[in-house]
2 protein chains.
Amino acid sequence: MAISEAESVVMEVLWRAAPRSAEEILAEVGPAQDWQEGTVKSLLNRLLKKKAVKAERDGRRYLYTPLLAREKYVSQESKGLLDRLFDGRVAPLVAHFSEQRKLTKKDIAELRKLLKELDDEQH
Amino acid sequence: MAISEAESVVMEVLWRAAPRSAEEILAEVGPAQDWQEGTVKSLLNRLLKKKAVKAERDGRRYLYTPLLAREKYVSQESKGLLDRLFDGRVAPLVAHFSEQRKLTKKDIAELRKLLKELDDEQH
DNA sequence: CACCACCGTTTACGTATGTAAGCGGACTCA
DNA sequence: TGAGTCCGCTTACATACGTAAACGGTGGTG
């Protein structure tokens with residue numbers, strides 16, 4: 001089953017640092033999301049069911065650790081978008097942003113560098 | 001409200017050609033999705049409520065036309081993904097695909113061309 | 001004019017999601 | 001040892017979504 005939007009917020013916290021307790025997660029995410037404790041706990045339980053995180057006992061509480069790697073999640077999501085909207089290819093997506101004038105100087109510089117590296121690798 | 005996955009399939013049909021009747025939409029999408037007629041009708045009604053399409057009478061039936069431009073939808077979806085996963089910037093996304101070896105020759109060639117064009121524009 | 005076919009609208013229903021309150025067991029402190 | 005506290009687990013509830021059946025009006029046909 002897919003990781004939902006709200007669940008992914010919890011995952012992001014765990015990807016930044018793990019293991020973490022529910023309380024720590026709430027502390028990090030609560031202010032921005034305005035969530036109650038019960039909300040975080042529910043999300044953690046759903047993530048457990050989905051095997052996206054594991055829990056290990058630490059005294060009276062649990063510490064949660066991601067089982068799903070961020071890298072993998074990012075790949076799935078990105079591929080999904082690309083397939084749905086850009087015929088599965090990267091260039092049209094970049095072209096789209098370019099047309100929308102959404103490429104920053106920094107983006108352009110980094111893309112140049114990236115292509116150069118790919119070029120160097122070639123030989 | 002957001003356009004759902006199933007709804008976007010109907011939108012894609014209408015973006016390819018519009019206006020179209022429910023029947024025509026079903027004909028184009030039914031085989032691939034294995035949907036019944038009622039399903040397409042529900043999706044169209046939800047899209048109407050969301051103001052993503054409009055309907056105009058054509059004799060005893062309606063013809064549906066997108067109100068939401070594909071360009072705009074694509075922008076929203078892409079920006080959403082970028083913001084959620086790549087800190088809102090394009091280069092890291094491309095880098096991700098590069099690391100995953102998901103850039104095709106064609107992608108690379110097109111990216112090169114794109115950058116060159118941006119460069120030319122500059123002067 | 002009565003009936004059927006066609007097409008949109010209404011209703012349905014199970015699951016997912018966002019958001020959380022309530023329950024119950026274990027640990028602690030008086 | 002009885003009461004309070006902390007924490008996970010269970011339950012709740014409204015909305016969204018996927019999927020579709022049932023209903024109802026309108027125009028054509030015999």
Side-chain angles (χ1 to χ4, degrees), chain A residues 1-14 18-65 67-68 73 76-77 80 84, chain B residues 1-14 18-68 73 76-77 80-81 84:
Chain A
M1 214 183 318
I3 306 265
S4 79
E5 180 77 28
E7 286 158 8
S8 80
V9 172
V10 170
M11 290 304 289
E12 289 289 352
V13 173
L14 289 175
R20 306 248 217 157
S21 66
E23 192 190 7
E24 289 167 326
I25 295 168
L26 176 63
E28 180 155 335
V29 104
Q33 302 289 327
D34 195 35
W35 280 342
Q36 299 311 114
E37 206 177 321
T39 302
V40 171
K41 287 177 181 176
S42 281
L43 293 173
L44 281 169
N45 269 310
R46 287 179 189 170
L47 288 168
L48 279 170
K49 277 209 191 92
K50 294 178 185 182
K51 307 277 186 195
V53 307
K54 70 175 178 184
E56 51 193 344
R57 187 139 238 142
D58 170 50
R60 55 162 58 236
R61 63 193 189 162
Y62 280 102
L63 297 181
Y64 300 88
T65 308
L67 286 179
L68 173 64
Y73 175 72
Q76 284 168 188
E77 295 287 303
R84 279 194 305 118
Chain B
M1 213 182 318
I3 306 265
S4 79
E5 180 77 28
E7 285 158 9
S8 80
V9 172
V10 170
M11 290 304 290
E12 289 289 352
V13 173
L14 289 176
R20 305 249 218 157
S21 67
E23 191 190 8
E24 288 166 327
I25 295 168
L26 176 63
E28 180 154 336
V29 103
Q33 303 289 328
D34 195 35
W35 280 341
Q36 299 311 115
E37 205 177 322
T39 302
V40 171
K41 288 176 181 176
S42 282
L43 293 173
L44 281 170
N45 269 310
R46 288 178 188 169
L47 288 168
L48 278 171
K49 278 210 191 89
K50 295 179 186 182
K51 307 277 187 197
V53 306
K54 71 174 178 184
E56 51 193 344
R57 189 138 236 143
D58 171 49
R60 56 161 58 233
R61 62 192 190 164
Y62 279 103
L63 297 181
Y64 299 88
T65 308
L67 286 180
L68 173 64
Y73 175 73
Q76 285 167 187
E77 295 287 303
L81 183 95
R84 279 194 304 117

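Quick note on labels: first sequence line is chain A, next is B, and so on, each numbered from 1.
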Next on the checklist: Is it the case that over 12 heavy atoms from other parts of the model lie below 6.0 angstrom from the CD atom of A/Glu23?
Outcome noted: no
Checklist outcome for this item: B/Met1 atom CE is separated from C/dT17 atom P, nearest whole Å, by 17 Å
Checklist entry - Is A/Ser4 near enough to C/dG18 that one of its side-chain N or O atoms lies under 4.0 angstrom from OP1 or OP2? => result yes
Checklist entry - Please give, in whole Å, the distance from D/dA16 P to A/Glu5 CD? => result 15 Å
Next on the checklist: Are A/Glu5 and B/Arg84 packed together at the side-chain level, in the sense that at least one heavy-atom pair is separated by less than 4.5 angstrom?
Outcome noted: yes
Item to check | Value in whole Å for how far the C1' atom of C/dA12 lies from NZ of B/Lys41 | outcome: 16 Å
Checklist entry - Which nucleotide in the set D/dA16, C/dC7, C/dT9 lies at the smallest distance from any side-chain heavy atom of B/Arg61? => result C/dC7
Checklist entry - Touch check for B/Lys50, heavy atoms < 4.0 angstrom, all strands: base, sugar-phosphate only, or nothing? => result sugar-phosphate
Checklist entry - Side-chain contact, heavy-atom cut-off 4.5 Å: B/Tyr64 with B/Val10? => result no
Checklist entry - Do A/Leu63 and A/Arg61 come close enough that some side-chain heavy atom pair is under 4.5 Å? => result yes
Checklist entry - Taking for each residue the nucleotide of DNA chain C bearing the nearest heavy atom, is the 5' side occupied by A/Ala2 or by A/Gly38? => result A/Ala2
Checklist outcome for this item: DNA chain D nearest-nucleotide lookup for B/Trp35 and A/Glu23: closer to the 5′ end is A/Glu23
Checklist entry - Which is true for A/Ala55 with a 4.0 Å heavy-atom rule: it touches a base, it touches only sugar-phosphate, or it touches nothing? => result nothing
Next on the checklist: Nearest whole Å is fine: how far is C/dC7 P from B/Glu56 CD?
Outcome noted: 17 Å
Item to check | A/Tyr62, nearest nucleotide to its side chain (from C/dA20, D/dC9, C/dT11) | outcome: D/dC9
Checklist entry - Rounded to the Å, how far apart are A/Glu7 CD and C/dA16 P? => result 11 Å
Next on the checklist: Could you check whether any side-chain heavy atom of B/Leu48 comes within less than 4.5 Å of a side-chain heavy atom of B/Val53, counting everything from C-beta outward?
Outcome noted: yes
Checklist entry - What is the distance, rounded to the nearest whole Å, between atom CG of B/Leu47 and atom P of D/dA16? => result 14 Å
Checklist entry - With sugar-phosphate meaning primed atoms plus P, OP1 and OP2, does B/Ala22 contact a base, only sugar-phosphate, or nothing at under 4.0 Å between heavy atoms? => result sugar-phosphate
Checklist entry - For the side chain of A/Ser42, counting heavy atoms from C-beta on, which of C/dA20, C/dA16, C/dC7 is nearest? => result C/dA20
Checklist entry - From the list D/dG8, C/dC7, C/dT19, which nucleotide is the closest neighbour of the side chain of A/Leu43? => result C/dT19
Checklist entry - What does B/Glu37 touch in the nucleic acid at a heavy-atom separation under 4.0 angstrom: a base, only the sugar-phosphate, or nothing? => result nothing
Next on the checklist: Within the 4.0 Å heavy-atom criterion, would you say A/Asp34 contacts the bases, only the backbone, or no part of the nucleic acid?
Outcome noted: sugar-phosphate
Checklist entry - Could you give the CD-to-P distance, from A/Gln36 to C/dA20, as a whole number of Å? => result 5 Å
Checklist entry - Between the base of D/dT19 and the side chain of B/Arg46, is there any donor-acceptor pair under 3.5 Å? => result yes
Next on the checklist: Please classify the nucleic acid contact of B/Thr39 as base, sugar-phosphate, or nothing, using heavy-atom distances under 4.0 Å.
Outcome noted: base
Checklist entry - D/dC6 C1' sits how many Å from A/Leu26 CG, rounded? => result 14 Å
Checklist entry - Looking across every strand, which nucleic acid part, if any, lies under 4.0 Å from A/Arg60 by heavy atom: base, sugar-phosphate, or nothing? => result base
Item to check | Student check: side-chain heavy atoms of A/Val9 and A/Glu12 closer than 4.5 Å | outcome: no
